[in-house]
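This report refers to the structure that appears directly beneath it.
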Protein chains: 2
Amino acid sequence: MTDHFNVAIDCIIFGFDHLEEKLKLLLIKRDFQPGKGSWSLMTGFLKAEESFDEAADRILAFQTGLSNIYLEQLHAYSGKSPHPNTKSIAVAYYALINIHEHKNLSTKHSAKWFELDTRPKLIFDHDEMVAKAILRLRRRTITRPIGFRLLPKKFTMRQLLRLYEEIWGQNFDRRNFSKKVNTLGIIIKLDEKDRNSSKKGSYLFKFNKEKFIEMEKSGFTFISKKKPA
Amino acid sequence: MTDHFNVAIDCIIFGFDHLEEKLKLLLIKRDFQPGKGSWSLMTGFLKAEESFDEAADRILAFQTGLSNIYLEQLHAYSGKSPHPNTKSIAVAYYALINIHEHKNLSTKHSAKWFELDTRPKLIFDHDEMVAKAILRLRRRTITRPIGFRLLPKKFTMRQLLRLYEEIWGQNFDRRNFSKKVNTLGIIIKLDEKDRNSSKKGSYLFKFNKEKFIEMEKSGFTFISKKKPA
DNA sequence: GCAAAAGTGTTACCCTTACACCCATGA
DNA sequence: TCATGGGTGTAAGGGTAACACTTTTGC
């Protein structure tokens, strides 16, 4: 009676390289059909007994070896079928990871990190998915301190600032930024200093998870968008 | 090889009754299996040759007779299958319509408008979908003047205010509200007055579509959320 | 000493909020 | 005239944006 479809799960994997201070995207060069030789998102198919979330976890774990990663459903896409003769839909997920804490991934297939503005063209509607994921990521940084998923456990204020600048594609005032973040009470200054980036050395911070959980309930604004010039 | 699923499209249909000043939800009492006798969202199945958006349009048109309705994808749900023996997923859409401009719907099945706080329990995961749709609707009222889809072509400031109060479940200051809306330039005051709601009569407004399109590009804030008391 | 990054402080301005007051009109 | 809803104005407060200045330390 009703038509049946196979359900692809496509994963947009964002990573922040806090040394290069660049937001990156993990893509694979397909060594299988269809679209062999092209770049694409990590992908897999939904199994009958699992939920979307479970499938996204499984696919990400299988392809990168990572578990316990932040994953969020982005959108469901219909239309362009990866296999010409089967009816197919896709559900896109995006994931956030810290690059340097997970160096030994990128194993399966030919996976490679790309900076956003030099990424290759992707197959199917994957470019559309990435564009939507970036917008979602921006929105999330306002409502939630999602950026902490992308940073190492201990980080400097500069790294946090650069992360936000990368996500938004614009610069923020360094002084106002740290003031805002500090008044929110969502990060904790440690006694350690990082001396890699400056001669003076800058304090390391860690994320205040308890404070965040408390604030999340009432809803808050993390960083406001700069006014258009 | 890969498992196959049928794809349900579930429609959350919001309507604003500008006479009763109530936000309502259109639900159907199912006269078919599964879940016969229970209340549920309008639903249908995706066909092989159509997109999600097309399917949502088709299902809404078939069940209500309405076309050209604002529809937006909400979320994709896996798990609870309407038919026990088939693997099924659902993609939820929400629609916005003005109740009194479309009086002759509610025909197919036993459709009925419910106020949000007195709606019946729904089958499957439809309650979860409705909850998410309300949150989405709130967010949209901030970013976009989506509320105008729910009002008649000509409306009073009071009706617009009441609509926002219904969506947010809280009261706004009448004077600040109209000031804010006016400065945005997104509505146009007409020379007509409506005398139904008051003795003095209140001006009718219409939506300034051109201004909106212009503003949409740069991104704007329509109405800000009141601070939690 | 000098350069470079980090830390702290100050001010102006805009937007929101919380109000008060007047107007028009049917009963 | 009075009650009711409608229209307009003003002042205080909070938060952001735009700045300047000092500190630390390797070279």
Side-chain angles (χ1 to χ4, degrees), chain A residues 18-21 141-143 151 154-165 168 170-205 215 218-229, chain B residues 18-21 141-143 151 154-165 168 170-205 215 218-229:
Chain A
H18 65 273
L19 300 180
E20 291 185 27
E21 297 179 342
T141 60
I142 295 177
T143 325
L151 287 168
K154 298 176 182 178
F155 54 88
T156 65
M157 187 62 81
R158 178 196 176 86
Q159 288 163 349
L160 184 60
L161 170 66
R162 289 280 189 256
L163 170 60
Y164 273 72
E165 290 182 336
W168 282 93
Q170 65 180 235
N171 296 326
F172 300 103
D173 185 276
R174 172 181 67 89
R175 298 154 289 189
N176 291 333
F177 182 86
S178 69
K179 205 183 309 166
K180 178 75 183 280
V181 174
N182 277 323
T183 56
L184 281 170
I186 215 158
I187 58 175
I188 298 168
K189 187 189 266 184
L190 302 172
D191 277 335
E192 298 173 69
K193 281 204 168 193
D194 174 87
R195 302 209 165 263
N196 295 320
S197 62
S198 91
K199 291 150 190 172
K200 186 178 176 182
S202 57
Y203 283 109
L204 287 166
F205 293 84
M215 292 180 79
S218 55
F220 70 102
T221 301
F222 190 64
I223 287 291
S224 71
K225 197 175 149 188
K226 202 177 182 179
K227 281 188 187 171
Chain B
H18 66 273
L19 299 179
E20 292 184 27
E21 298 179 342
T141 60
I142 294 177
T143 325
L151 287 168
K154 297 175 183 179
F155 53 88
T156 65
M157 187 62 81
R158 177 196 177 87
Q159 288 163 348
L160 183 60
L161 170 66
R162 288 280 190 259
L163 169 60
Y164 274 73
E165 290 181 335
W168 282 92
Q170 67 180 236
N171 296 326
F172 300 102
D173 184 277
R174 170 181 68 89
R175 298 154 290 189
N176 292 333
F177 182 87
S178 69
K179 203 184 312 168
K180 177 75 182 279
V181 174
N182 278 324
T183 56
L184 281 171
I186 214 156
I187 59 174
I188 298 167
K189 187 188 265 183
L190 301 173
D191 279 335
E192 298 172 68
K193 282 204 170 193
D194 174 86
R195 303 208 165 264
N196 295 320
S197 61
S198 91
K199 292 149 189 173
K200 185 179 176 181
S202 56
Y203 283 109
L204 287 166
F205 292 84
M215 293 181 77
S218 56
F220 71 103
T221 301
F222 190 64
I223 287 291
S224 71
K225 197 175 150 187
K226 203 178 180 179
K227 281 187 188 173

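Convention: sequence-line order gives letters A, B, ...; per-chain numbering from 1.
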Polar-atom pairs under 3.5 Å, protein N or O versus N or O of nucleotides 22-27 of chain D: list them with distances, or write none.
unit_1 : atom_1 : unit_2 : atom_2 : d
D/dT23 : O2     : A/K200 : NZ     : 2.9

For nucleotides 9-12 of chain C, give me every protein contact, N/O to N/O, under 3.5 Å, one pair per line with atom names.
unit_1 : atom_1 : unit_2 : atom_2 : d
C/dT10 : O4     : A/K179 : NZ     : 2.9

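Contact detail for A/L204 and A/K154: the closest heavy-atom pair is CD2-C, 4.1 Å. Shortest non-hydrogen contact noted between B/F172 and B/Y164 is CE1-O, 3.7 Å.
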For residues 195-203 of chain B, which side-chain N or O atoms pair as donor and acceptor with protein atoms under 3.5 Å away, sequence neighbours left out?
unit_1 : atom_1 : unit_2 : atom_2 : d
B/R195 : NH1    : B/K199 : O      : 3.3
B/R195 : NH1    : B/K200 : O      : 2.8
B/N196 : ND2    : B/D194 : OD1    : 3.2
B/S198 : OG     : B/K200 : N      : 3.3
B/S198 : OG     : B/G201 : N      : 2.8

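Rounding to whole angstrom units, CG of residue B/L204 and P of D/dG6 are separated by 12 Å. As a whole-Å value, the separation of B/E21 CD from D/dG5 P is 10 Å. One atom, NZ of A/K180, and another, C1' of D/dA18, lie 16 Å apart when rounded to the nearest Å. If you take CG of B/N182 and P of C/dC15, they are 15 Å apart, rounded to a whole angstrom. Atom-to-atom, CZ of A/R174 to C1' of C/dA5 comes out at 7 Å; the value is rounded to the nearest Å. Here the C1' atom of nucleotide C/dA6 and the OH atom of A/Y203 are 10 Å apart, to the nearest Å. As a whole-Å value, the separation of B/L184 CG from C/dC15 P is 10 Å. For B/I142 and C/dC15, the CD1 to C1' distance is 15 Å, given to the nearest whole Å.
Checking D/dG5, C/dA6, C/dT8 against every side-chain atom of A/R158, the shortest atom distance belongs to C/dA6. The side chain of B/S198 has D/dG6 as its nearest neighbour among D/dT8, C/dA6, D/dG6.
Partners of B/E21 according to the side chain to side chain contact (heavy atoms under 4.5 Å, CB included) rule, which considers only residues two or more places apart in sequence or in another chain, are B/R158, B/R162. Qualifying salt bridge (charged side-chain N to carboxylate O under 4.0 Å, His left out) partners for B/K179, counting only residues two or more places apart in sequence or in other chains: none. Under the side-chain hydrogen bond (donor to acceptor under 3.5 Å, both in side chains) criterion, A/K193 pairs with no residue at all, not counting sequence neighbours.
Using a 4.0 Å heavy-atom distance criterion, B/T156 is classed as making no nucleic acid contact.
Between B/F205 and B/V181 the shortest side-chain heavy-atom distance does not fall below 4.5 Å. Counting heavy atoms from C-beta on, the side chains of A/M157 and A/L161 never come closer than 4.5 Å.
Put simply, CG on A/L163 and CG on A/L151 are 5.0 Å apart, with the number rounded to the nearest 0.5 Å.
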